[in-house]
Structures are given as C-alpha cells and as structure tokens.
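Chain letters run A, B, ... following the sequence lines, proteins first and then strands; every chain starts at 1.
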Amino acid sequence: MNMKFKAPRGTNDHLPVDEHIWNFVEKTARKTAHTFGFHQIDTPMFEQTELFRRGVGEGTDVVQKEMYNFKDLGNNELTLRPEGTASVCRAFIEHGMHNEAYPVRLFYLGPMFRHERPQSGRLRQHHQFGVEIFGDPSPEADVEIINLGLSYLSNLGLRELTVKVNSIGSGRSREKFQEALVQYLIPFVSKFSNEEQKKFKINPIRILDSKEKNLQDIIKGAPKPIDFLEDESKEHWDSFLNILSSTIKLFDGFNYEIDPNLVRGLDYYTNTVFEIQPFDSRSAQSSVLSGGRYDNLVESIGGPKTPAAGFGSGLERAILNLMKQPEYQADTHNLNGPKLMIVPLSEKAKLKAAELAKEMRRNNISIVIGPQSKSIKGQLRYANAISAQNLLIFGDKELEINKTLIKLKFNSNSVNEQSVAIDSKKILDKLTPENEVR
RNA sequence: GUGGGCGUGGUGUAGCAGGUUAACACGUCAGGUUGUGGCCCUGAAGAUCGAGGGUUCGAAUCCCUCCGCUCACCCCA
C-alpha cells in the first residue's frame with residue numbers, strides 16, 4: 001500500500017499508549033512549578049521573525065539555519081517559535097508585567113520548532129517545559145531556577161543528574177575576556193574550518209563550546225571566562241556557587257560541576273549558565289534541561305532593563321531518560337478500560353442504556369455502550385479487549401422485572417456477578433463499594 | 001550540510017549464493033446451535049516485498065538512482 005501522508009520529518013504523533021506518560025510529565029511540570037509559586041503563561045506558537053532575530057541572536061545557529069520562517073497572507077514575516085524565552089519576554093513587556101511586584105515567576109509548556117536533522121532526542125517539533133523569573137538580579141534567583149529544575153526532574157523519578165555550571169560574565173568582564181580570547185585565537189584562525197572561522201567572527205566565545213577534534217587542544221589552553229570575572233560578575237559567581245553547593249545537598253544523587261567551557265548557543269545569556277544531564281551521558285545532546293541568566297534580553301527587545309533567569313527543558317528527552325530506568329521499562333502502556341460497559345439486547349434496552357449512561361457520566365464514570373454492529377459474543381469480546389472494568393447486560397426480559405446481573409471486576413479473573421436493579425443509582429452503588437477505588 | 005545502518009500485510013519478523021500460488025507470530029474480522037467474554041478450535045480478509053529504472057528466460061532476492069526511516073557529527077531541549 002502506498003501511504004500517502006506521513007507526519008512531517010522530525011515530528012511525532014502522541015498515540016493513546018503515550019497518553020499516560022505525557023500526562024504524567026506535564027502534570028509533574030505544572031505541579032512542581034506551582035510549588036515554587038510560578039504561574040503558567042501560554043504564548044502563540046509563532047511570532048514576528050524579528051523577535052527571535054533580536055532575542056535569540058542573529059549569529060546563533062538557531063536563527064541562522066534552523067527557523068521555520070514564513071510569510072502569511074498579509075505579508076507579515078513570522079516564525080514558528082524555536083524556543084520559549086523570547087516569547088515570554090515579549091508577553092511580559094506587552095502586558096506591562098514589569099509593573100507587577102518583582103520578582104514575577106512564570107512557566108510555560110508547549111511545542112517548539114527547529115529545522116534540524118532529527119535523531120535520538122532531537123526533533124523538529126519538540127515540547128518544552130520552561131520557567132522564567134523576572135526582576136530578581138540576585139544569585140539566589142539563579143539557584144531557585146536550578147532548584148526548581150532539579151525538583152522537577154527528581155519528581156519525575158530521574159536519578160543521578162549532574163548540573164554543569166559556568167559564568168560567561170557580562171559587561172566589562174565579558175569584554176575583557178573576549179579580547180583575551182581573540183588575542184589567543186588569532187594565531188590559530190588559519191587552521192580553523194570554514195564553520196569555525198565564521199563562528200570566530202560572529203561570536204568568538206562559542207569556539208569554547210566546539211567539539212571539533214582538532215580544536216580540542218587549542219581550547220584547552222584558551223582563556224576561560226571565569227578567570228576574567230570582576231566586580232559584580234565575580235561577586236555574583238562566588239555567591240552563586242556558595243548557595244548552589246548547599247542547595248544541591250538537599251538532593252540525593254545529584255551533584256554539580258564547574259565546566260569552564262560551557263557556553264550556551266543562544267546569545268542572550270549573561271553571567272550564569274547551566275545545563276543538567278544524566279551521569280552516564282557525554283554528548284551535549286543528552287542535556288535534559290538548561291538555562292541561565294539573561295539580564296539584557298528584556299531591554300534588547302524593547303522593554304525596561306529587567307534582570308531575569310530561566311531554563312528550558314525538553315519533555316521528549318525527559319521521557320527518553322525515564323524510559324531508560326528499569327522501573328519504566330515494564331508496563332507503561334496499559335490503557336485504563338472504561339469503568340462500565342453496557343450491552344443492551346433490544347431496542348428498548350438501547351434507549352435505557354443511553355439514559356443510564358448519561359446519568360452515570362454526570363458522576364464521572366466512564367461508560368462505553370457495546371458496539372451494535374457486533375453480536376453479543378462480539379460485544380463481550382470487545383469488552384474484554386478494551387479491559388472494561390465492569391459489565392452490565394440486559395434486554396426486554398430484565399427490563400420487565402427491572403433487575404439484571406452486573407459482572408463486577410469483569411476484566412479480572414475473579415469476576416463477581418451480582419443482581420442489580422436497572423437504575424443508575426443502584427448501579428453506581430455496585431460500582432463503588434469497598435472493592436472499588438473511585 | 002556530512003557520514004553509517006535499514007525499508008517485506010496493522011505490528012514484529014522469516015525468506016535474499018535469483019526459479020512455480022511470499023512464510024510465521026501477534027493483531028483484526030466471522031463462526032464454534034437459540035441472549036454472555038477472556039483460554040481453545042475453525043475459517044477469512046490483508047503485502048504486486050519503499051519508488052523508478054537496469055541485468056536476466058526469470059528478481060523481494062543482483063546493480064543504479066531517488067525517496068523515506070534511523071543513528072552519529074555540527075548545534076540544540
């Protein structure tokens with residue numbers, strides 16, 4: 001057969017068997033954010049292209065070659081959001097949230113789009129849970145963000161995580177470092193690949209982050225941003241490390257390390273940057289949560305100068321890591337069958353079944369009526385296939401005496417048949433006795 | 001953008017030193033006496049073997065091209 005349509009490359013359908021895990025992860029994200037006093041904000045999935053150019057940074061890979069840009073019928077230049085922070089900042093400014101009591105705590109949950117070559121843990125449409133805290137310049141805020149991230153991951157059930165941290169400085173610290181780095185690199189530039197030369201021109205700091213083999217030795221000897229921190233940046237960094245080290249002790253099996261070469265691929269970061277990944281991984285691709293401080297972003301897209309920090313975390317990657325853990329490898333995909341299936345055996349019974357179903361659904365009981373295209377046997381087989389938890393069968397005979405048999409625990413091997421009046425209240429009582437947890 | 005692996009019914013696979021009706025498991029559907037499931041039994045539907053071209057008397061099996069999936073690199077969540 002010729003399958004005509006397929007989900008576009010790098011996108012996934014979330015099937016019913018995935019419902020459970022996705023709900024779990026999303027619920028955990030929301031709950032954890034709420035326990036830190038964060039509130040949800042949902043922004044559109046596309047924005048004016050310019051927002052990302054300015055926000056994420058003209059020189060980044062994301063902006064240069066990974067954005068889904070398009071023009072709408074009004075000739076507006078729009079882009080499917082490649083990340084969440086720029087949009088949240090835009091909304092923050094647009095709705096005057098800078099006039100609210102600081103700090104303002106926000107989180108989001110939704111799809112992001114990047115045109116890259118898909119591979120394990122990397123998609124063109126993926127989903128992120130992200131948080132942002134606005135208006136708090138203190139290192140405590142940085143740590144709160146990391147704390148929230150670790151809490152979220154640990155609530156999911158992930159173990160053995162490392163937080164990699166670094167400071168890329170800001171203001172004068174950043175300038176001085178950059179000068180030193182450029183001086184150091186100049187003699188080597190001729191040996192760089194085209195790609196690296198370009199990087200060197202646009203944003204030399206990102207050379208540190210390069211994984212190219214022939215650069216590794218050069219990078220080893222290169223100046224590091226943390227050695228150039230001074231004044232506020234220095235104070236911020238020292239204090240940050242201090243608070244972080246005591247906070248991380250509150251978590252079992254998590255640790256942190258300073259990675260002097262950690263540089264994020266998005267331009268807006270200042271001072272603190274971090275990345276969380278499982279112990280066993282080495283590639284950056286396995287990073288499950290990452291973020292940092294961005295004190296200039298709000299201003300650079302037209303808002304008032306507002307210090308801020310946040311993280312983004314890929315849900316697919318979290319799930320990928322969860323699935324690696326033994327406790328999730330077994331029974332993750334058993335769907336819950338309906339609480340009750342009704343098999344009506346006559347026209348009158350069908351009417352009655354519809355009536356019962358309506359009343360009981362009002363009590364949040366999930367009900368399926370047996371498919372009328374099938375024989376009774378077929379309907380019962382179907383009930384079995386969808387794991388109906390209880391089963392009610394009746395026809396004209398039973399309607400006359402207003403009594404029938406209900407098969408409780410139909411989907412188990414200890415079925416319990418009981419007589420019951422054909423009445424929603426009486427049936428409800430049968431469905432919620434001591435042997436059933438509602 | 002670069003490189004590796006793969007592409008057979010809904011799913012997972014077998015077949016591949018070329019040879020008549022492409023096999024198996026699971027799933028689906030229908031039956032196994034009148035209105036009662038799960039096990040079991042019987043039967044049925046369902047793939048022109050990713051697409052196109054080539055070699056050959058003959059190709060799912062060999063060659064080429066393209067497409068798709070997947071993994072890795074760059075980079076990112």
Side-chain angles (χ1 to χ4, degrees), chain A residues 1-12 15 17 56 59-67 81-85 110-130 149 153 193-196 198-199 203 206 209-213 215 263-266 275-277 282-291 311-321 337 341 343-346 349 370-371 373-388 390-398 404-407 409-415 417:
Chain A
M1 180 169 89
N2 266 335
M3 255 306 192
K4 254 193 177 157
F5 296 113
K6 287 183 178 170
R9 166 164 250 207
T11 66
N12 279 143
L15 302 176
V17 289
V56 177
T60 60
D61 281 15
V62 170
V63 170
Q64 292 247 306
K65 49 184 197 189
E66 293 175 2
M67 295 212 297
R81 63 180 181 199
E83 59 102 53
T85 302
M112 304 295 162
F113 308 84
R114 289 180 203 172
H115 189 98
E116 328 179 63
R117 213 99 183 242
Q119 63 183 271
S120 178
R122 193 172 67 200
L123 296 160
R124 288 184 175 180
Q125 182 189 74
H126 74 283
H127 298 76
Q128 274 189 37
F129 164 49
L153 297 173
S193 65
N194 286 345
E195 190 102 351
E196 300 297 331
K198 209 165 152 194
K199 220 188 257 181
N203 194 354
R206 293 196 38 231
D209 201 29
S210 172
K211 272 99 195 165
E212 268 195 31
K213 283 177 205 128
L215 283 184
V263 174
R264 309 303 335 292
L266 311 179
E275 217 165 80
I276 301 180
Q277 43 184 259
R282 43 199 81 117
S283 67
Q285 185 189 317
S286 58
S287 155
V288 70
L289 185 151
S290 64
F311 72 65
S313 176
L315 301 200
E316 283 84 354
R317 285 193 186 171
I319 290 173
L320 214 57
N321 280 295
M341 181 161 139
V343 178
L345 300 176
S346 69
S373 54
K374 290 183 196 270
S375 64
I376 291 97
K377 175 186 254 180
Q379 292 186 51
L380 288 169
R381 281 182 173 166
Y382 181 71
N384 195 59
I386 64 172
S387 301
N390 303 287
L391 188 93
L392 190 72
I393 307 180
F394 60 86
D396 288 340
K397 267 192 277 179
E398 292 78 6
T404 189
L405 287 178
I406 184 166
K407 298 181 190 237
K409 294 188 175 178
F410 179 79
N411 60 338
S412 73
N413 40 20
S414 56
V415 187
E417 278 199 2

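Under the ring pair (Phe, Tyr, Trp, His ring centres under 6.0 Å) criterion, F410(A) pairs with no residue at all, not counting sequence neighbours.
Distance CZ (R81(A)) to C1' (A77(B)): 13 Å, rounded to an integer number of Å. Regarding M67(A), its CE atom lies at a distance of 19 Å from the P atom of C75(B), rounded to whole Å. Here the C1' atom of nucleotide A51(B) and the NZ atom of K6(A) are 11 Å apart, to the nearest Å. Atom P of nucleotide A77(B) and atom CD of E275(A) are separated by 7 Å, given to the nearest angstrom. D61(A) has its CG atom 11 Å from the P atom of A77(B), to the nearest Å. Atom-to-atom, CG of L266(A) to C1' of C75(B) comes out at 10 Å; the value is rounded to the nearest Å. E316(A) has its CD atom 13 Å from the P atom of U70(B), to the nearest Å. If you measure from atom CG of N12(A) to atom C1' of C69(B), you get 12 Å, rounded to the nearest angstrom.
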For L266(A) and E83(A): C-alpha separation, side-chain torsions, deciding distance, then whether side chain to side chain contact (heavy atoms under 4.5 Å, CB included) applies. CA-CA 10 Å; L266(A) 311 179; E83(A) 59 102 53; 3.9 Å; yes

Please step through side chain to side chain contact (heavy atoms under 4.5 Å, CB included) for the pair L380(A) and L391(A), ending with a clear verdict. CA-CA 9 Å; L380(A) 288 169; L391(A) 188 93; 3.2 Å; yes

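Side-chain atoms of P8(A) and R124(A), non-hydrogen and from C-beta on, never get closer than 4.5 Å to each other. Between R9(A) and R117(A), some side-chain heavy-atom pair lies under the 4.5 Å cut-off.
Across the C1' atoms, C49(B) and U2(B) are found 31 Å apart, a figure rounded to whole Å. Taking the C1' atom of each, A47(B) and G9(B) are spaced 4 Å apart, rounded to whole Å. Between the P atoms of C57(B) and G50(B), the separation comes to 25 Å (whole Å). Nucleotides U42(B) and C26(B) are separated by 12 Å at their P atoms, to the nearest Å. Rounded to the nearest Å, the gap between the C1' atom of C6(B) and that of C74(B) is 24 Å. Taking atom P in both C71(B) and C64(B), the straight-line distance is 26 Å, to the nearest Å. Taking atom P in both U34(B) and U8(B), one finds a spacing of 43 Å when rounded to whole Å. For the P atoms, the distance linking A51(B) with A44(B) amounts to 27 Å, nearest Å.
Counting only heavy atoms from C-beta on, L123(A) has its side chain closest to A77(B) among C73(B), A77(B), U28(B). With U2(B), A77(B), A30(B) as the choices, the nucleotide that has an atom nearest any side-chain atom of R117(A) turns out to be U2(B).
With RNA chain B read from its 5' end, the first of the two nearest nucleotides for A7(A) and S290(A) is the one closest to A7(A). Along RNA chain B, the nucleotide nearest to R9(A) and the one nearest to L315(A) differ in position, and the one closer to the 5' end is contacted by R9(A).
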Using a 4.0 Å heavy-atom cut-off to protein, can you give one letter per nucleotide of nucleotides 31-38 of chain B, 5' to 3': B if the base is in contact, S if only the sugar-phosphate is, - if neither? BB--BBBB

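Residue Q119(A) has no polar side-chain atom (N or O) positioned under 4.0 Å from OP1 or OP2 of U70(B). Between C74(B) and K65(A), no contact under 4.0 Å exists linking OP1 or OP2 to a side-chain N or O.
R206(A) places no side-chain N or O within donor-acceptor distance of the main-chain N or O of V263(A), the cut-off being under 3.5 Å. A donor-acceptor contact shorter than 3.5 Å links the side chain of T404(A) to the backbone of I393(A).
Using a 4.0 Å heavy-atom criterion, one finds that K198(A) contacts no nucleic acid atom at all. R206(A) comes within 4.0 angstrom of the backbone, heavy atoms only, and of no base.
Among all heavy-atom pairs drawn from N321(A) and S286(A), the shortest one is ND2-O, 4.4 Å. Of all heavy-atom pairs between N411(A) and A388(A), the closest is CB-O, 3.3 Å. Between L123(A) and E316(A), the closest heavy-atom pair is CD1-CG, 3.6 Å.
Consecutive pairing runs in RNA chain B reach the stem threshold at B:1-7 with B:67-73, B:10-13 with B:23-26, B:28-32 with B:40-44, B:50-54 with B:62-66, where a stem means at least three Watson-Crick or G-U wobble pairs with distances under 3.5 Å.
Partner S290(A) forms a side chain to side chain donor-acceptor pair (under 3.5 Å) with one of R264(A), E275(A), Q277(A) and no other, that one being R264(A).
For A77(B), its base sits under 3.5 Å from the side chain of E116(A) at one donor and acceptor pair at least. Judged by distance alone with a 3.5 Å cut-off, a donor-acceptor contact links the side chain of R122(A) to the base of C75(B).
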